[in-house]
Amino acid sequence: MTTTYVPTAYVPTTNNGSEHIVLHGATLIDGNGGDPVRNAEIEIKDGRIVYVGAKRAEGATSAPGENPRLVDLGGKTVMPGFIDSHVHFGLSIENQEANLARFGSERIVRSAVNARNTLMAGVTTVRDLGGTDRGVRDSIQQGLFLGPRIHLAITPLSPTGGHTDFTMPNGMSTMPAMPIDPIIDTDDDVRRTIRTLVRSGADVIKVCTTGGVSSPSDTPDDIGVPEEHVRLIVAETAKRSGQPVAAHAQGAEGIKAAIRGGVRSVEHGYGIDDEGIDLMLEHGTFLVPTLSSALRVPDPKNVPGYLYEKKVKWSAIARERVAVAMEAGVRVALGTDAGVCPHGVNLREEVHAVELGFSPMQAIVAGTKNAAELLRLDAEVGTLEEGKLADLVVVDFDPLADIKPLAEPDNVKAVLQGGSLVKDSEGWFGVTPVRSALG
Ligand SMILES: [Zn+2]
């Protein structure tokens with residue numbers, strides 16, 4: 001009965017009128033995990049890839065009679081535009097006090113800056129799992145500012161006192177209000193909230209089946225949204241477009257409740273046990289391990305004591321258990337949880353995945369192809385193949401030999417999104433990158 005939700009892979013309108021070009025000379029890593037192609041050729045027309053592979057005969061193009069412009073990328077490496085499966089453009093909990101003092105307007109401006117910096121780091125598509133409304137997504141689509149195309153959860157859901165209830169014991173909140181009330185305690189709350197989210201343009205539903213590290217009154221071992229409510233949400237979205245469900249789940253029991261309830265992805269998964277790993281393999285559930293956040297212990301000066309203590313403990317658990325899940329062959333899609341960790345350095349996540357045991361190629365696939373599959377955008381993005389949107393990044397090092405330089409956004413020299421050049425810090429493409437209404 002479940003229909004498949006196929007969201008559009010929209011191209012921001014800033015990127016209309018992309019050029020007919022042929023990139024040649026680069027080493028191609030196409031995102032499928034196979035051997036790289038040296039001296040490759042990629043032809044791009046109307047924003048899409050019309051040829052990709054080995055160098056063709058001199059002057060060959062997919063459209064006889066046309067003369068695409070040649071761009072020499074000899075010595076460089078081309079990869080798919082990366083996908084960050086877990087960001088919060090509207091969030092910054094690095095300094096909670098400063099965050100709370102901000103005006104709503106400042107938050108929107110900061111969301112725009114975060115989106116732009118994320119794109120410039122080489123990320124052409126994201127899933128925003130809470131705190132961002134549809135206006136930000138649509139403003140990027142309309143070309144008002146540059147950013148990745150976004151899939152939105154709008155508001156992550158939990159019960160009273162759960163992970164998205166930021167009410168302190170005295171009734172004050174430690175966080176700005178979410179766009180839609182995040183609290184679901186009863187079946188009726190679940191139905192009404194899911195219908196409101198769908199009405200508001202949610203591409204994905206995010207639930208918290210456990211407590212968390214950043215919330216004041218619960219822990220990752222606490223159960224949040226119970227399995228029966230996860231199942232109810234999956235049933236409710238199946239009546240609409242079958243929007244996938246993503247579960248914030250950190251402790252072992254809540255992880256298993258999420259998988260059994262039918263989620264498409266487990267976010268974090270820090271304390272996953274062997275039974276949980278088997279369940280993920282059986283159900284084909286994705287794991288988004290958010291290592292950029294998990295492995296980062298914040299400055300104790302900037303965060304409340306409860307948060308610092310929980311972070312130290314769960315960081316060590318994640319380092320051990322996520323590595324076991326990765327080794328076991330769970331489907332991993334990378335996502336940072338930027339907002340809980342800094343924005344605009346998203347490809348640190350690929351480096352962390354290698355730290356925990358992935359090969360550089362596995363990390364690249366997890367940050368491109370697998371993430372596209374998680375978002376159900378794999379017909380359009382995630383790999384460099386004929387017919388797909390021309391989302392790609394260009395670097396001048398070999399990430400398979402050493403992936404670490406990818407973590408530094410300045411090392412991502414050029415970015416194309418839907419065939420249009422949005423970054424070219426070395427002038428390799430010979431034209432000026434596109435601009436948004438904001439410049
Ligand atoms: Zn998150």
Measure from the side-chain N and O atoms of [X] to the backbone N and O of [Y], and report whether any donor-acceptor pair falls under 3.5 Å.
X	Y	value
Gln243	Ile205	no
Glu380	Ala372	no
Glu106	Phe103	yes
Thr193	Val190	no
Arg264	Leu375	no
Ser425	Lys413	yes

[X] and [Y]: side-chain donor and acceptor closer than 3.5 Å?
X	Y	value
Thr290	Tyr270	yes
Glu355	His352	yes
Asp391	Thr124	yes
Ser62	Glu43	yes

statement: To the nearest 0.5 Å, atom CG of Leu197 lies from atom CD1 of Ile154 at 5.5 Å
query: Below 4.5 Å, heavy atoms only, C-beta onward: do Phe82 and Glu350 meet side chain to side chain?
result: yes
Table please: side-chain donor-acceptor pairs of residues 277-284 below 3.5 Å, with sequence neighbours left out.
none

statement: For Ile184 and Ile233, the nearest pair of non-hydrogen atoms, with its separation, is CD1-CD1, 4.3 Å
Count the heavy atoms of every other residue, nucleotide or ligand shown that sit under 6.0 Å from [atom1] of [X], and state whether that count exceeds 12.
X	atom1	answer
Arg116	CZ	no
Arg110	CZ	no
Asn39	CG	yes

- request: Check the angle between the aromatic planes of His86 and His88 and answer parallel, tilted or perpendicular using the 30° and 60° thresholds.
  value: perpendicular
Residues [X] and [Y] bridged, charged N to O under 4.0 Å:
X	Y	result
Asp128	Arg137	no
Glu267	Lys206	no
Arg127	Asp203	no

- request: Sequence neighbours left out, what pairs pass side-chain hydrogen bond (donor to acceptor under 3.5 Å, both in side chains) with at least one residue falling in residues 326-336?
  value: Asp84-Thr336
